[in-house]
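One structure is given below, encoded as structure tokens.
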Amino acid sequence: MAEYEPGNVLVTGGAGFIGANFVRFWRRRYPENRLVVLDALTYAGNRSSLADLEGREHFHFVHGDIRDQSLVEELLRRHELRTIVHFAAESHVDRSIAGPDAFISTNIQGTHSLLKAARQVWLEETGAGSHRFHHVSTDEVYGSLGPADPGFSEATAYAPNSPYSASKAASDHLVRAYHHTFGLAVTTSNCSNNYGPYQFPEKLIPLMLINVLEGRPLPVYGDGLNVRDWLHVDDHNRAIELVLRKGRVGDTYNIGGNSERTNLDIVRLLCRLMDERFAGNPTLGERFAGAPGARGLPSDELIAFVSDRPGHDRRYAVDAGKISGELGYRPRESFDTGIDKTIDWYLANEAWWRAVMDGSYQDWVRHHYGRGVD
Ligand code: NAD
Ligand code: TYD
């Protein structure tokens with residue numbers, strides 16, 4: 001089967017964590033193709049994550065909303081875009097518990113708005129030429145696993161448990177329906193927890209890293225024994241390219257990192273790796289005077305068990321057999337190599353994370369993590 005040539009690409013949510021890494025990856029892979037980023041720059045979107053690309057040939061940043069259908073149609077026409085890689089979303093489970101409405105609006109209505117724009121321009125106006133709508137989704141749509149259950153496969157029934165995962169599940173169904181009913185050429189990928197550079201410090205790994213550096217408590221929810229499968233963002237983006245180029249239209253592909261860990265194991269490992277870095281590099285103690293490592297103390301003294309997240313899914317694990325067998329996907333990073341690189345990135349990019357942690361975010365963290373410290 002001939003591979004799909006993605007041509008000019010619209011990346012939604014390209015100023016967010018995975019999107020910003022994808023944009024960099026894609027620019028290296030396809031420097032001659034036009035790449036348009038559409039991002040509403042919510043608290044999670046940071047133009048600084050793409051600063052070095054601004055003004056470059058074939059790169060365009062558009063500050064706008066995926067719910068603005070006429071804007072999206074205009075971009076598809078003007079830039080002759082025939083591929084959409086759709087990352088834009090509200091993505092944090094805790095926020096979906098505190099306020100689900102934004103998740104319904106962006107993740108469900110926003111995805112529907114994008115689908116309508118793609119259908120209008122690619123099917124109604126251009127006449128079903130070569131095009132692709134790739135939807136980036138999550139393994140959380142499958143719900144929670146018991147300790148001995150096999151990982152989620154593409155055949156696992158959807159059973160989302162949080163407003164976030166329910167909104168992603170709804171968007172997955174809409175993408176599927178636009179293929180089945182209208183013939184839009186779609187693919188969907190459902191991946192496990194990503195980590196790596198440019199991740200907003202509300203998610204487990206960057207939050208814990210920065211709290212260690214600042215000497216703040218490390219809030220572990222419940223007993224800390226919930227399990228996630230960790231996927232390095234570069235492996236995720238390579239997998240998306242495989243799905244785009246070689247995936248079957250209308251199909252979904254699960255992407256995993258083959259790295260199941262409990263949250264407590266992750267936090268303890270991060271503490272140990274940070275202790276080693278402080279011990280081996282005295283300038284770190286000068287830069288981060290509030291960190292336990294600056295005083296030769298172990299970082300894990302900061303671990304604080306806090307009350308559990310409501311409805312907290314116990315375990316996620318991904319069976320990546322389909323994408324490995326059919327498309328040849330293999331993660332390149334082990335958790336050990338990936339986490340080392342990620343720590344180095346956060347240490348080398350203090351200015352980035354300080355800039356993104358603005359006043360409103362700090363207020364939110366104080367409000368949110370002020371609860372239930374035992
Ligand atoms: P993120 O929260 O870091 O970034 C989301 C981006 O979308 C931000 O730049 C934000 O400004 C933008 N955005 C939000 N609402 C928008 C709107 N209405 N219009 C335009 N832009 C808007 O998210 P992420 O972690 O990079 O996740 C990207 C995608 O991958 C999401 O769809 C998420 O559900 C999915 N996913 C993420 C993970 C993970 O571990 N991070 C795992 C599985 C799936
Ligand atoms: P998170 O990074 O929010 O991703 P998700 O909820 O999408 O899996 O959380 C990863 C795991 O870490 C999850 O089981 C919740 C837990 N967690 C904590 O224990 N403490 C925290 O401060 C955060 C943010 C998460």
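Because only heavy atoms are used, hydrogens play no part in the values below, and waters and symmetry mates are left out as well, while side chains stay in. Note that this is a predicted model, so its numbers are computed, not measured. Start at 1 and go down the list; that is how both ligands and their atoms are numbered.
- Each of the atoms 18 (C), 19 (O), 20 (N), 21 (C), 22 (O) of ligand 2 lies under 4.0 Å from some heavy atom of P219.
- Residue L41 touches ligand 1 through its backbone alone, judged by heavy-atom distances below 4.0 Å.
- Residue E140 places at least one N or O, backbone or side chain, under 3.5 Å from an N or O of ligand 2.
- Counting protein heavy atoms only, atom 28 (C) of ligand 1 is closest to F87 O, 3.5 Å.
- Closest to atom 3 (O) of ligand 2 by heavy atom, among R314, E202, R309, is R309.
- For the 3.5 Å distance criterion, the side chains of S91 and K203 qualify, holding a donor opposite an acceptor.
- Tested against H86 for a side chain to side chain contact (heavy atoms under 4.5 Å, CB included), the candidates V11, V186, V136, L114 yield a single pass: L114.
- R354 has a carboxylate O that lies under 4.0 Å from a charged side-chain N of E350, or vice versa, which qualifies the two as a salt bridge.
- In terms of polar-atom proximity, R228 is counted as a contact of ligand 2, with an N or O under 3.5 Å from an N or O of the ligand.
- Heavy-atom contacts of S192 reach the following atoms of ligand 1: 42 (C), 43 (C) (cutoff under 4.0 Å).
- Taking a 4.0 Å cut-off on heavy atoms, T106 registers as neighbouring ligand 1.
- Checking only distances, H86 never comes within under 3.5 Å of ligand 1, N or O to N or O.
- Using a 4.0 Å cut-off between charged side-chain N and carboxylate O, D149 and R315 make no salt bridge.
- Under a 4.0 Å heavy-atom criterion, S137 is in contact with ligand 1.
- N46 and S49 share no donor-acceptor pair across their side chains, judged by distance under 3.5 Å alone.
- Contacts between K168 and ligand 1, counted as non-hydrogen atom pairs separated by less than 4.0 Å, involve the side chain only.
- Contacts between Y164 and ligand 1 below 4.0 angstrom, taking non-hydrogen atoms only, involve the side chain exclusively.
- Taking 4.0 Å as the cut-off, A20 does not count as a neighbour of ligand 1 on heavy-atom distance.
- Between D94 and ligand 2, not a single N/O pair is under 3.5 Å apart.
- Heavy atoms of F200 stay at 4.0 angstrom or farther from ligand 1.
- At a heavy-atom cutoff of 4.0 Å, ligand 1 is contacted by no atom of H92, backbone or side chain.
- The contact set between ligand 1 and T138, taken as ligand atoms under 4.0 Å from a residue heavy atom, comprises 43 (C), 44 (C).
- In this structure, G110 falls outside the shell of residues with a heavy atom less than 4.0 angstrom from ligand 1.
- In the model, T188 has no side-chain atom that pairs as donor or acceptor with a side-chain atom of D172 under 3.5 Å.
- With distances taken over non-hydrogen atoms, the option nearest atom 10 (C) of ligand 2 out of T138, V267, V306, L204 is L204.
- For ligand 1 and G16, the ligand atoms under 4.0 Å from any heavy atom of the residue are 3 (O), 4 (O), 6 (C), 8 (C), 9 (O).
- Side-chain contact, T83 with H134: no donor N or O sits under 3.5 Å from an acceptor N or O.
- Side-chain contact annotation: S105 with R67, donor-acceptor N/O pair under 3.5 Å present.
- For ligand 1, the atoms closer than 4.0 angstrom to any heavy atom of V136 are 30 (O), 32 (O).
- The protein heavy atom nearest to atom 20 (C) of ligand 1 is A40 N, 3.2 Å.
- Among L231, N194, I18, the residue whose heavy atom sits closest to atom 37 (C) of ligand 1 is I18.
- The distance criterion of under 3.5 Å between nitrogen or oxygen atoms is met by Y221 with respect to ligand 2.
- Atoms of ligand 1 lying under 4.0 Å from any heavy atom of N193, numbered from 1 in the order shown and given with element: 40 (O).
- Near T42, meaning under 4.0 Å from any of its heavy atoms, are these atoms of ligand 1: 10 (C), 11 (O), 14 (C), 15 (N).
- Within the structure, ligand 1 lacks Y43 among the residues with a heavy atom less than 4.0 angstrom away.
- Using a 4.0 Å cut-off between a side-chain N of Lys or Arg and a carboxylate O of Asp or Glu, R95 and E90 do not qualify as a salt bridge.
- Distances below 4.0 Å separate heavy atoms of C191 from the following atoms of ligand 1: 42 (C), 43 (C), 44 (C).
- By the 3.5 Å distance cut-off applied to N or O atoms, Y316 is not counted among the residues near ligand 2.
- At the shortest separation from atom 11 (O) of ligand 1 among protein heavy atoms lies D39 OD1, 2.6 Å.
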